[in-house]
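These figures come from a predicted structure and were not determined experimentally.
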Amino acid sequence: MRHSILILSLSVLGLTVSLTAQERPDRRPEAGPPPRGEPRGERGPGGGGRGPGGPQEEDVKLLAEHDRNEDGWLNAKERAEAREALKEKRDGAGAQGRRGGRRGPGNGNFPPASAGPKISPEEVESYPDAPLYDAETLRTIFLTFPNEDWEEELQEFKATDVEVPATMVVDGKSYSGVGVSFRGASSYFRIPAGHKRSFNLSLDLVDKGQRLYGHKSLNLLNGNGDPSLMSTVLYSQLAREHIAAPKANFVKVVVNGEYWGVYVNVEQFDKVFTKDNYGASSGAPVGRCRGVRAVTGAWLTMERS
């Protein structure tokens with residue numbers, strides 16, 4: 001019976017196990033044991049703030065202090081000042097530091113990182129007519145940072161309120177000023193630099209009206225603890241037959257022309273989610289609420305009316 005459910009679930013997705021096997025959640029080939037444990041909130045969709053799940057530690061507030069031109073985000077000069085101030089703050093805090101600072105991520109179970117294949121937007125297929133979370137569509141998301149030390153910068157700004165702007169290309173269309181940050185707890189700290197980490201993307205960092213197919217936030221999960229990379233998407237497909245659950249599918253991610261692998265793309269709990277499921281983007285949703293903690297990591301599951 002359990003095998004039948006799995007086969008049915010895969011059929012609902014319109015995907016095959018062979019595709020998943022070819023697109024492992026590793027950005028680079030790994031030797032030795034994989035990371036153990038499953039971070040809460042990472043396998044399934046989650047709540048608001050900086051994306052599904054993730055740690056509850058309060059962010060270090062840097063934006064207001066270093067946003068000299070008061071435009072709501074930090075340009076290159078402002079980020080350089082913020083990084084220096086953050087370094088002094090963390091150095092003063094001692095060797096324990098804060099997340100992403102002196103106490104760096106990663107463990108000894110990973111080989112040295114090696115570069116992924118080079119891919120350009122002209123080499124991939126575009127799907128301008130497919131919904132963002134269509135389960136049968138495997139898009140490629142291109143992120144381009146102007147600086148080569150983008151990964152170090154994202155790591156330094158982990159657990160702060162600073163996002164690093166990048167240019168994103170999806171389906172042949174360019175989106176400038178997209179805010180990028182690393183996300184996650186175990187899925188971040190157990191993954192060393194140069195290997196596949198989870199991302200949050202904010203389409204509206206610079207342009208408050210910018211959206212990707214109606215969405216302003218993207219949650220790209222690395223599938224840490226799930227070698228099949230299937231659990232979140234399977235859960236979403238099955239749960240949405242019965243309850244209001246975030247949509248999810250797969251995307252490929254390329255950073256500065258280098259392929260980083262297949263990610264799980266999970267819908268944000270936001271006004272778009274509320275409107276799609278309850279017909280309104282504000283106020284109390286129409287329906288019954290049950291205080292259960294589902295496999296998504298969210299504490300509240302709402303039944304559709």
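In terms of heavy atoms, S198 sits closest to S187 at OG-OG, 4.0 Å. Annotation for R211 and Y175: closest pair O-CE2, 3.4 Å, computed over non-hydrogen atoms. Scanning all heavy atoms of the two residues, the minimum distance from L62 to D161 falls at N-OD1, 2.8 Å. Between V254 and T140, the closest heavy-atom pair is CG2-CG2, 3.8 Å. Residues G194 and A113 share a closest heavy-atom pair of O-CB, 3.6 Å. When all heavy atoms of T167 and S174 are compared, the pair lying nearest together is CG2-OG, 3.4 Å.
Side-chain atoms of N219 come within 3.5 Å of backbone atoms of V266 as a donor-acceptor pair (strictly under, hydrogens ignored). Between the side chain of D59 and the backbone N or O of K61, no donor-acceptor pair lies under 3.5 Å.
You'll find the side chain of H66 stays beyond 4.5 Å of the side chain of V162, heavy atoms only. Considering only heavy atoms from C-beta on, R83 comes within 4.5 Å of E152 through its side chain. H215 is not listed as a side-chain neighbour of Q268, based on a closest heavy-atom distance of 4.5 Å or more. Between L154 and F145, some side-chain heavy-atom pair lies under the 4.5 Å cut-off. Two residues are said to be in side-chain contact when any heavy atoms from C-beta on lie closer than 4.5 Å; K196 and V253 fail this criterion. A 4.5 Å side-chain heavy-atom check between I119 and K252 finds every atom pair outside the cut-off. Side chains of L143 and L201 form a contact here, defined as non-hydrogen atoms less than 4.5 Å apart. With contacts defined as side-chain heavy-atom distances shorter than 4.5 Å, the pair V124/F142 qualifies.
If you look at F199 and F182, their ring centroids are closer than 6.0 Å.
Residues Y133 and L220 are members of one and the same hydrophobic cluster, defined by side-chain heavy-atom contacts under 4.5 angstrom among Ile, Leu, Val, Met, Phe, Trp and Tyr. Residues V170 and V206 fall into different hydrophobic clusters, defined by Ile, Leu, Val, Met, Phe, Trp and Tyr side chains chained together at heavy-atom separations under 4.5 Å. Residues L205 and I141 do not share a hydrophobic cluster, defined by chaining ILVMFWY side chains whose heavy atoms lie under 4.5 Å apart.
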Exercise for the section: List the steps and the verdict of side chain to side chain contact (heavy atoms under 4.5 Å, CB included) for E125 and L138. Expected result: CA-CA 9 Å; E125 188 173 353; L138 184 61; over 6 Å; no

Handout entry: Stepwise side chain to side chain contact (heavy atoms under 4.5 Å, CB included) test for L74 and D67
Key = CA-CA 6 Å; L74 301 188; D67 184 15; 3.8 Å; yes

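For E148, there are no side chain to side chain donor-acceptor pair (under 3.5 Å) partners at least two apart in sequence or on another chain. In this view, S202 and E163 satisfy the side chain to side chain donor-acceptor pair (under 3.5 Å) rule, not counting sequence neighbours.
Counting only N and O atoms by type, the side chains of N222 and N224 include no donor and acceptor under 3.5 Å apart. Side-chain polar atoms of Y213 and D171 form a donor-acceptor pair below 3.5 angstrom.
A distance of 9.0 Å separates NZ in K77 from CZ in R68, rounded to the nearest 0.5 Å. L234 CG to L229 CG: the interatomic distance, rounded to the nearest 0.5 Å, is 10.5 Å. In this structure, OG on S126 lies 12.5 Å from NZ on K173, to the nearest 0.5 angstrom. Separating the CG atom in N249 from the CG atom in L132 is a distance of 6.5 Å, to the nearest 0.5 Å. The distance from atom NZ of K208 to atom CD of Q210, rounded to the nearest 0.5 Å, is 11.0 Å. Rounding to the nearest 0.5 angstrom, the gap separating the CZ atom in R79 from the CH2 atom in W73 is 7.5 Å.
R197 and E151 are joined by a salt bridge, as a carboxylate oxygen and a charged side-chain nitrogen come within less than 4.0 angstrom of each other.
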